[in-house]
Undergrad: 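First, the structure itself, so that you have it in front of you.
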Protein chains: 2
Amino acid sequence: MTPGTSATSGAPAPATGSRRMPEKRQAIARAASTVFGREGYTRASVDAIAAEAGVSKRTIYNHFGDKEKLFLSVALETAGELTEIIAGLADRHLHKIVDLEADLNTFALDRARAVLGAGDHYALGRTIRAEAGNIPTEVLNAWLDAGPLASQRDLAAHFGRLADQGLLHVEDTELAATQFTLLTFSGAADATFYGAIHLPEAELTAGVTAGIRAFLRLYG
Amino acid sequence: MTPGTSATSGAPAPATGSRRMPEKRQAIARAASTVFGREGYTRASVDAIAAEAGVSKRTIYNHFGDKEKLFLSVALETAGELTEIIAGLADRHLHKIVDLEADLNTFALDRARAVLGAGDHYALGRTIRAEAGNIPTEVLNAWLDAGPLASQRDLAAHFGRLADQGLLHVEDTELAATQFTLLTFSGAADATFYGAIHLPEAELTAGVTAGIRAFLRLYG
DNA sequence: GTCTATAGAACGATAGAC
DNA sequence: GTCTATCGTTCTATAGAC
């Protein structure tokens, strides 16, 4: 094997043995994200990840060193994915306001569905939360900063703009964003264990609606 | 715990081989709670639990069947422990109000410290949350009902009483209790991954204070 | 004498690492 | 593909309780 010293060819090289195979690495990362998210860290076996990625175990060890490094790498690399999705939702629903309460409601609902819904957008995030006590502080902070905190800063910026337009009465935009998330998201996150179990749609909409009403009593 | 069939006598019965040994079972349950809470489900070995309990592995299997049953039993049996602690705090701080904002503040702070603080009051709860996807719905619901939901109902009752006294303006006491928890607790729970990492005292008090102020703007 | 609980060794499977 | 460690589980023998 010894992949580093195999044929040098600069050609596209679809076959195995090329000098660098970023697509293999990416396949491993994707597979690891899937399996870690589905099984959790300890239950996920390197065998299962290799099978999911369609590579041999040895390839994983060559690329990532060991299981822990693989997990931490994937945790860091995927930290920003959901942030961008949520930023897109905020831009779509909060950029041009037509009905403040309705627009906030739709944004909050879409965000909750994106994070907690059936898809595995956040499956790895669940595992990261579960393993928080075993993750080095720097990696944890990097994940927080590229993930949840980034979404919060983005939301605070939106609220600042809405305040400038006179649609909201906000002094501390960061605090308003935090409390918006608490009132419209954290309840559902807690009730579903961050998406691990299903929440009936009616309960989700009821919780979000009540949260939006409280938020507008505070800042409307 | 084990309400109906507790030990009949006051006799010490130190020797081995007695017909029923509930104190061994309790030692196992305590040890399992500790080790599961500290290590998580998959990392916790039956060996480690046996060592912590001062008991042989075989004894664990005789009492609980297998590792999964042991975990689920302990999860159910310890569900109400923290609930009673929090109920005591609520009774202490919310029964006789002298300064509404200060009393709510103290209660919220004490509760957050009790749940998220260094002690392992909630360590097993963290593991239960992490394993939610692998826990049978009925067990999960029983844990929720004896734990977080029970605390919430208790808090709602307090708020109902305070509303009757004219100290709060609350229509839906359950909703008020939910939003109180969201505004004064969930932020810290989220930031610490339910107590897995430490939160500086200053940040905790700042978050709680801001949450109480918002709550009183909503219901004061 | 029989029953039950205990301790500690032993087994089979699995997973991480090379 | 192989090695090695570990884990969940089971088996065997011992000893007190009825």
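Given the structure is predicted, the values throughout are model-derived calculations rather than measurements. Heavy-atom basis, side chains included; hydrogens, waters and symmetry copies ignored.
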Undergrad: Report the distance from atom CG of A:Leu70 to atom P of C:dA17, rounded to the nearest whole Å.
TA: 10 Å

Undergrad: In terms of side-chain geometry, is the basic nitrogen of B:Arg113 or B:Glu201 positioned less than 4.0 Å from the acidic oxygen of its partner?
TA: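 A salt bridge links B:Arg113 with B:Glu201.
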
Undergrad: Looking at the side chain of B:Val46, which of D:dG8, C:dG16, C:dA7 is the nearest nucleotide?
TA: D:dG8

Undergrad: Please report, rounded to the nearest Å, how far the C1' atom of C:dG16 is from the NZ atom of A:Lys69.
TA: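 Nearest whole value for this atom pair: 13 Å.
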
Undergrad: Taking only the side-chain heavy atoms of A:Tyr61 (C-beta and beyond), determine which of C:dA7, C:dC18, D:dT9 contains the nearest atom.
TA: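 Nearest to the side-chain atoms of A:Tyr61, counting from C-beta on, is C:dC18.
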
Undergrad: For a quick check, tell me whether the side chain of B:Lys57 and the base of D:dT9 share a donor-acceptor pair closer than 3.5 Å.
TA: yes

Undergrad: How long is the line joining CZ of B:Arg25 and C1' of C:dT6, in whole Å?
TA: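 One finds 17 Å between C1' of C:dT6 and CZ of B:Arg25, rounded.
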
Undergrad: For a 4.5 angstrom cut-off between non-hydrogen side-chain atoms, does A:Pro136 reach A:Leu72?
TA: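 When only atoms from C-beta onward are counted, A:Leu72 and A:Pro136 do touch, with a gap below 4.5 Å.
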
Undergrad: Side chain of A:Arg58, heavy atoms from C-beta onward: which of C:dC18, C:dT6, D:dT9 has the nearest atom to it?
TA: C:dC18

Undergrad: Send over the distance from A:Asp66 CG to C:dA15 P, rounded to a whole Å.
TA: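 Going from A:Asp66 (CG) to C:dA15 (P), I get 17 Å.
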
Undergrad: Got a salt bridge between B:Asp120 and B:Arg126, using NZ or NE/NH1/NH2 to carboxylate O under 4.0 Å?
TA: no

Undergrad: I need the CD1-C1' distance between B:Ile60 and D:dT10, as an integer number of Å.
TA: 14 Å

Undergrad: Which part of the nucleic acid, if any, lies within reach of A:Ala50 when heavy atoms closer than 4.0 Å are counted: base, sugar-phosphate only, or nothing?
TA: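 Touches nothing.
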
Undergrad: Would you confirm whether A:Ser33, through its side chain, and A:Ala29, through its main-chain N or O, come within 3.5 Å as a donor-acceptor pair?
TA: no

Undergrad: Separation of B:Glu39 atom CD from D:dT6 atom P, in whole Å?
TA: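 After rounding, the gap between these two atoms is 14 Å.
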
Undergrad: Without decimals, in angstroms, what is the distance between B:Ile28 CD1 and C:dA5 P?
TA: 11 Å

Undergrad: Starting from C1' on C:dA5, measure out to CZ on B:Phe64 and report it in whole angstrom.
TA: 14 Å

Undergrad: C:dA5 phosphate, OP1 or OP2: any side-chain N/O from B:Ser56 under 4.0 angstrom?
TA: no

Undergrad: If you measure from CG on A:Leu116 to OG1 on A:Thr192, what distance do you get to the nearest 0.5 Å?
TA: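 Those atoms lie 4.5 Å apart.
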
